[in-house]
Amino acid sequence: MLNIVLVEPEIPNNTGNIGRLCVGTESRLHLVHPFGFVINDKNLKRSGLDYWVHLDVTEYQNVAEWVEQIPDTSRVFLMSSHADKSYLEIEFQDEDWLVFGKESKGLSEVVLSQFENHLKIPMSANIRSFNIANSVAFVIGEAKRQIAVKSTLKKGELLNFEVKKL
């Protein structure tokens with residue numbers, strides 16, 4: 001199960017959408033205070049719909065409290081538009097921690113300095129960043145794809161297929 005971390009989320013609709021994504025992908029959601037909204041905010045519930053009750057979610061009062069819960073900091077991946085390495089270059093594993101910062105500023109230097117794995121999502125120079133819910137979806141999708149392929153290979157269930165000429 002992947003661990004998705006939102007550090008100081010500001011927009012309830014984004015957090016609700018990410019919560020719904022976590023339910024659908026069987027990922028855990030970790031929310032680090034302070035928030036820019038109240039957790040029972042009607043927009044959060046609207047975006048998360050009725051899936052919020054199925055969400056495996058944990059709240060932390062601050063970054064230090066969250067960091068104490070991490071069993072292996074080498075498997076923590078922080079998303080930053082300033083990183084050199086793409087998330088597409090990583091071999092993800094089950095139980096990895098995928099960390100995203102607040103919508104307005106991303107992750108602080110204090111948080112970034114605590115971990116070595118900084119990743120970016122490749123994008124056009126015409127934009128500064130993707131919406132956080134889209135960013136989480138990109139990275140979860142790639143991580144889940146990799147984990148599924150590894151699991152299939154381990155079980156010896158790789159599908160046989162033919163390429164036919166038209």
Side-chain angles (χ1 to χ4, degrees), residues 1-37 39 41 43-44 46-49 51-52 55 57-60 62-64 66-67 70 72-152 163:
M1 185 176 284
L2 292 170
N3 293 285
I4 309 307
V5 182
L6 303 182
V7 178
E8 301 179 4
E10 299 170 315
I11 302 173
N13 297 51
N14 287 335
T15 302
N17 285 326
I18 293 165
R20 183 177 181 177
L21 177 65
C22 287
V23 171
T25 60
E26 298 179 336
S27 301
R28 289 183 200 96
L29 181 61
H30 303 265
L31 301 172
V32 180
H33 284 267
F35 303 159
F37 53 88
I39 200 72
D41 185 288
N43 291 327
L44 176 66
R46 183 181 302 133
S47 299
L49 299 173
Y51 304 108
W52 199 259
L55 180 62
V57 61
T58 304
E59 292 182 42
Y60 304 93
N62 53 51
V63 171
W66 162 63
V67 170
I70 302 168
D72 179 2
T73 57
S74 73
R75 300 307 305 170
V76 176
F77 299 94
L78 289 81
M79 304 305 143
S80 171
S81 59
H82 304 292
D84 295 323
K85 193 172 200 174
S86 167
Y87 78 102
L88 297 169
E89 300 173 52
I90 296 300
E91 288 189 31
F92 291 107
Q93 299 174 14
D94 202 21
E95 300 298 328
D96 279 350
W97 296 78
L98 311 176
V99 184
F100 300 82
K102 64 172 84 178
E103 291 90 339
S104 64
K105 298 178 184 176
L107 292 165
S108 71
E109 286 300 321
V110 171
V111 174
L112 289 167
S113 67
Q114 294 182 55
F115 302 93
E116 62 184 55
N117 297 316
H118 301 181
L119 305 174
K120 67 180 176 183
I121 298 171
M123 66 184 123
S124 162
N126 294 325
I127 64 172
R128 180 175 43 87
S129 64
F130 288 110
N131 171 278
I132 189 171
N134 293 335
S135 296
V136 173
F138 291 150
V139 181
I140 284 181
E142 175 61 14
K144 294 293 277 188
R145 182 194 69 77
Q146 289 182 21
I147 292 165
V149 167
K150 287 175 193 169
S151 175
T152 300
V163 177

For this session: List the steps, then state whether side-chain contact (heavy atoms from CB on, under 4.5 Å) holds for I132 with L6.
Result: CA-CA 9 Å; I132 189 171; L6 303 182; 4.0 Å; yes
Exercise. Are I121 and V139 close enough, and set up right, to give a side-chain contact (heavy atoms from CB on, under 4.5 Å), and what steps lead you there?
Worked result: CA-CA 8 Å; I121 298 171; V139 181; 3.9 Å; yes
For this session: May I have the step-by-step check of side-chain contact (heavy atoms from CB on, under 4.5 Å) for V76 and V99, ending in yes or no?
Result: CA-CA 7 Å; V76 176; V99 184; 3.8 Å; yes
For this session: Under the side-chain contact (heavy atoms from CB on, under 4.5 Å) rule, what do N117 and T73 come out as? Steps first, then yes or no, please.
Result: CA-CA 9 Å; N117 297 316; T73 57; over 6 Å; no
Exercise. Would E95 and R28 count as a salt bridge (charged side-chain N to carboxylate O under 4.0 Å, His left out) if you check the C-alpha gap in whole Å, the side-chain angles of each, and the deciding distance to 0.1 Å?
Worked result: CA-CA 9 Å; E95 300 298 328; R28 289 183 200 96; 3.0 Å; yes
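In terms of modelled atom types and a separation under 3.5 Å, the side chain of S108 and the main chain of V111 share a donor-acceptor contact. With E10 contributing its side chain and S104 its backbone, the two residues share a donor-acceptor pair below 3.5 Å.
In this structure, N14 and E103 have side chains that are in contact, with non-hydrogen atoms separated by less than 4.5 Å. With a 4.5 Å cut-off on side-chain heavy atoms, M79 and S135 do not count as touching. Counting heavy atoms from C-beta on, the side chains of D72 and W97 never come closer than 4.5 Å. Side-chain contact between D96 and N3 is absent, with no heavy atoms from C-beta onward closer than 4.5 Å. Taking 4.5 Å as the limit, some side-chain heavy atom of P122 sits within range of a side-chain heavy atom of Y87. The shortest side-chain heavy-atom distance between V5 and Y60 does not fall under the 4.5 Å cut-off. Two residues are said to be in side-chain contact when any heavy atoms from C-beta on lie closer than 4.5 Å; E91 and K150 meet this criterion.
For CG of D84, the number of neighbouring non-hydrogen atoms (other residues, nucleotides, ligands) closer than 6.0 Å is 12 at most.
Here the straight-line distance linking atom NZ of K102 with atom CG of L107 works out to 10.0 Å at 0.5 Å rounding. Atom CG of residue L31 and atom OG1 of residue T58 lie 8.5 Å apart, to the nearest 0.5 angstrom. Here CZ of F35 is found 14.0 Å from CD1 of I11. Values are rounded to the nearest 0.5 Å. Atom NZ of K144 and atom CD of E26 lie 6.0 Å apart (nearest 0.5 Å). Rounding to the nearest 0.5 Å gives a distance of 8.5 Å between CD of Q114 and CD1 of I70. Taking CD1 of I90 as the start and CG of L98 as the end, the distance is 10.5 Å to the nearest 0.5 Å.
Minimum interatomic distance between S27 and I140 (heavy atoms only, all atoms of both residues): OG-CD1, 4.3 Å. Here the closest heavy-atom approach between residue L29 and residue G19 is recorded as CD2-CA, 4.0 Å.
Remark: the H33 side chain and the E8 side chain contain no N/O donor-acceptor pair separated by less than 3.5 Å.
Pairs of residues two or more places apart, or lying in two chains, that qualify as ring pair (Phe, Tyr, Trp, His ring centres under 6.0 Å) and include a residue from residues 107-129 are W66-F115.
Checked against ring-ring contact (aromatic ring centres under 6.0 Å, His included), F77 has the following partners two or more places apart in sequence or in another chain: F92. Partners of E109 by side chain to side chain contact (heavy atoms under 4.5 Å, CB included), not counting sequence neighbours, listed by chain and number: L112.
A salt bridge does not link E89 with K120: every distance from a Lys NZ or Arg NE/NH1/NH2 to an Asp or Glu carboxylate oxygen is 4.0 Å or more.
Test V136, I4, N17, V57 against C22 for side chain to side chain contact (heavy atoms under 4.5 Å, CB included) and you get one pass: I4.
Using cut-offs of 30° and 60° on the angle between ring planes, the pair F138 and F130 is perpendicular.
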